[in-house]
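Numbers for residues simply follow the sequence, beginning at 1. Small disclaimer: the values here were computed from a predicted structure and weren't measured. Keep in mind that the numbers below use all heavy atoms, side chains included, and drop hydrogens, waters and symmetry copies.
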Amino acid sequence: MKKPAPKITRKPVKRDNIVYGFHPVAEALTHSRPLEKILVRQGNTHERIKEIRELARTRQIPVQTVPEEKITQLCPDGVHQGVIAIMAAVAYRSLEQTILEIQGRGEVPLLLMLDGITDVRNFGAIARTAECMGVQAMIVPGQGAAPISADAVKTSAGALMHLPVCREEHLTDAILMLQAYDIAVVACTEKARDIIYDTDLSGPLCIIVGAEDKGISPSLLKRAGRLVAIPMVGNIESLNVSVAAGMILSEAVRQRRA
């Protein structure tokens, strides 16, 4: 006689990084607490949800519609009212204010834009390298980015506690802002003909790197001022994104010290 298959139960997610319910979520948004995103239950059309969505839009905090099961998993024993706010481990910064602060200190901008980096470990490793290489800020999209969670901070060896992260709703708009402040935007992609060692990376600069599977999105490649590649001679066609980021940042630092 076959033994019955063991029942699979999902372990509830820790609740120390969430706020739930209409009023607590609205309060978190109103008092500018660092938030990663807002989760709203499918079909939740309560009047307070409209208020929460508007507050989130004003602060450029992503709002995701999710099934009831997701809400229950995160908050199994609380009166969540179909809405949860997930706290961020660090506060996001304004890109324009960060640029002005860098220029005000008399520094040459060196920024890093991450497109489609959703793996927390890669995100943390990139942040660690970026901080070591003197990057003054990282730029991430409003959606489709790894959350700045406790795991990300741990993987970064604490670098995310020192490195400003700017979350922009649309990275194409962020590129336009960078260019308006005379910061060159260079996309690191295998599609490029020019290589990093033949490219001037010594001036005000923002480097874009993308996920290994999809690469940098076409809209960002079109907006970037220049495309550059890391030369490779082996059989593998792509590098881990954290390694690629380290290589091009190292070359930028080398040029700045030459």
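- Counting heavy atoms from C-beta on, the side chains of Gln143 and Glu169 never come closer than 4.5 Å.
- Between Arg41 and the options Glu68, Gln81, Glu69, a side chain to side chain contact (heavy atoms under 4.5 Å, CB included) holds for only Glu68.
- Taking CD1 of Ile195 as the reference point, atom SG of Cys188 lies at 11.5 Å (rounded to 0.5 Å).
- A continuous path of hydrophobic side-chain contacts links Val135 to Val228 [ILVMFWY only; heavy atoms under 4.5 Å].
- Around the CZ atom of Arg256, the shell of radius 6.0 Å holds more than 12 heavy atoms that belong to other residues, nucleotides or ligands.
- At a threshold of 4.5 Å between non-hydrogen side-chain atoms, the residues Phe22 and Val83 count as touching.
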Should Gln103 and Tyr181 be marked as a side chain to side chain donor-acceptor pair (under 3.5 Å) after you check the CA-CA gap, both sets of side-chain angles, and the distance that decides it?
CA-CA 10 Å; Gln103 293 179 337; Tyr181 280 96; over 6 Å; no
Show your working on side chain to side chain contact (heavy atoms under 4.5 Å, CB included) between Gln42 and Val66 and close with a plain yes or no.
CA-CA 6 Å; Gln42 287 177 346; Val66 298; 5.9 Å; no
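- From Cys75, atom SG reaches atom CD1 of Ile84 across 5.0 Å, with rounding to the nearest 0.5 Å.
- The main-chain N or O of Pro76 is never found under 3.5 Å from a side-chain atom of Thr72 such that the two would form a donor-acceptor pair.
- For the side chain to side chain contact (heavy atoms under 4.5 Å, CB included) criterion with Ile216, the lone passing option out of Leu227, Val209, Ile208 is Ile208.
- The backbone N or O of Ala192 sits nowhere less than 3.5 Å from a side-chain atom of Thr189 that would complete a donor-acceptor pair.
- Each of Leu95 and Ile61 belongs to its own hydrophobic cluster when Ile, Leu, Val, Met, Phe, Trp and Tyr are linked at side-chain heavy-atom distances under 4.5 angstrom.
- Of the possible donor and acceptor atoms, one in the side chain of Arg167 sits under 3.5 Å from a partner among the backbone N and O of Glu36.
- The distance from the NE2 atom of His23 to the CD1 atom of Ile52 is 10.5 Å, given to the nearest 0.5 Å.
- For the residue pair Ser149 and Asp151, no side-chain donor N or O sits within less than 3.5 Å of a side-chain acceptor on the partner.
- Put simply, the side chain of Leu39 reaches to within 4.5 Å of the side chain of Ile86, judged on heavy atoms.
- With hydrophobic clusters built from ILVMFWY side chains whose heavy atoms lie under 4.5 angstrom apart, Val153 does not share a cluster with Ile18.
- Screening Leu112, Leu178, Asp115 against Ile139 for a side chain to side chain contact (heavy atoms under 4.5 Å, CB included) leaves a single residue, Leu178.
- Taking the salt bridge (Lys or Arg N to Asp or Glu O under 4.0 Å) definition, one finds that Glu107 meets it with Arg105, sequence neighbours left out.
- A pairwise comparison of heavy atoms in Gln60 and Pro62 identifies O-CD, 3.8 Å as the closest pair.
- Under a 3.5 Å cut-off, the side chain of His46 and the backbone N or O of Arg48 do form a donor-acceptor pair.
- Ala145 and Val140 get closest at one heavy-atom pair: CB-CB, 4.2 Å.
- No continuous path of hydrophobic side-chain contacts links Leu176 to Ile207 [ILVMFWY only; heavy atoms under 4.5 Å].
- Minimum heavy-atom separation, Leu201 to Ile196: CD1-O, 4.1 Å.
- The hydrophobic clustering, which links ILVMFWY residues whose side-chain heavy atoms are closer than 4.5 Å, places Leu110 and Leu114 together.
- Residues satisfying the salt bridge (Lys or Arg N to Asp or Glu O under 4.0 Å) test with Glu251, not counting sequence neighbours, are Arg254.
- At least one donor-acceptor pair under 3.5 Å links the side chain of Gln136 to the backbone N or O of Val108.
- Expressed to the nearest 0.5 Å, how far CG of Asn240 lies from CD of Glu212 amounts to 4.5 Å.
- Side-chain contact between Thr98 and Ile102: present, with at least one pair of heavy atoms (C-beta onward) separated by less than 4.5 Å.
- Between Val165 and Leu160, the closest side-chain pair of non-hydrogen atoms falls below 4.5 Å.
- Not counting sequence neighbours, Tyr92 has no partner by the ring-ring contact (aromatic ring centres under 6.0 Å, His included) test.
- Distance check: Leu239 CG to Glu190 CD gives 9.5 Å after rounding to the nearest 0.5 Å.
- Contact of the Asp173 side chain with the Met177 side chain is not registered, since no non-hydrogen atoms from C-beta on lie closer than 4.5 Å.
- Between Ala224 and Ala187, the closest heavy-atom pair is CB-CB, 4.0 Å.
- Looking at Arg59, its side chain does come within 3.5 Å of a backbone N or O of Leu29 through a donor-acceptor pair.
- Nearest heavy atom pair, residue Met113 against residue Leu220, reads SD-CD1, 4.5 Å.
- Residues Gly144 and Thr118 share a closest heavy-atom pair of O-CG2, 3.6 Å.
- Going from atom NZ of Lys37 over to atom CD of Gln64 covers 4.0 Å, rounded to the nearest 0.5 Å.
- The main-chain N or O of Met247 is never found under 3.5 Å from a side-chain atom of Ser250 such that the two would form a donor-acceptor pair.
- At a threshold of 4.5 Å between non-hydrogen side-chain atoms, the residues Leu163 and Met138 count as touching.
- Counting heavy atoms from C-beta on, the side chains of Ile38 and Val40 come closer than 4.5 Å.
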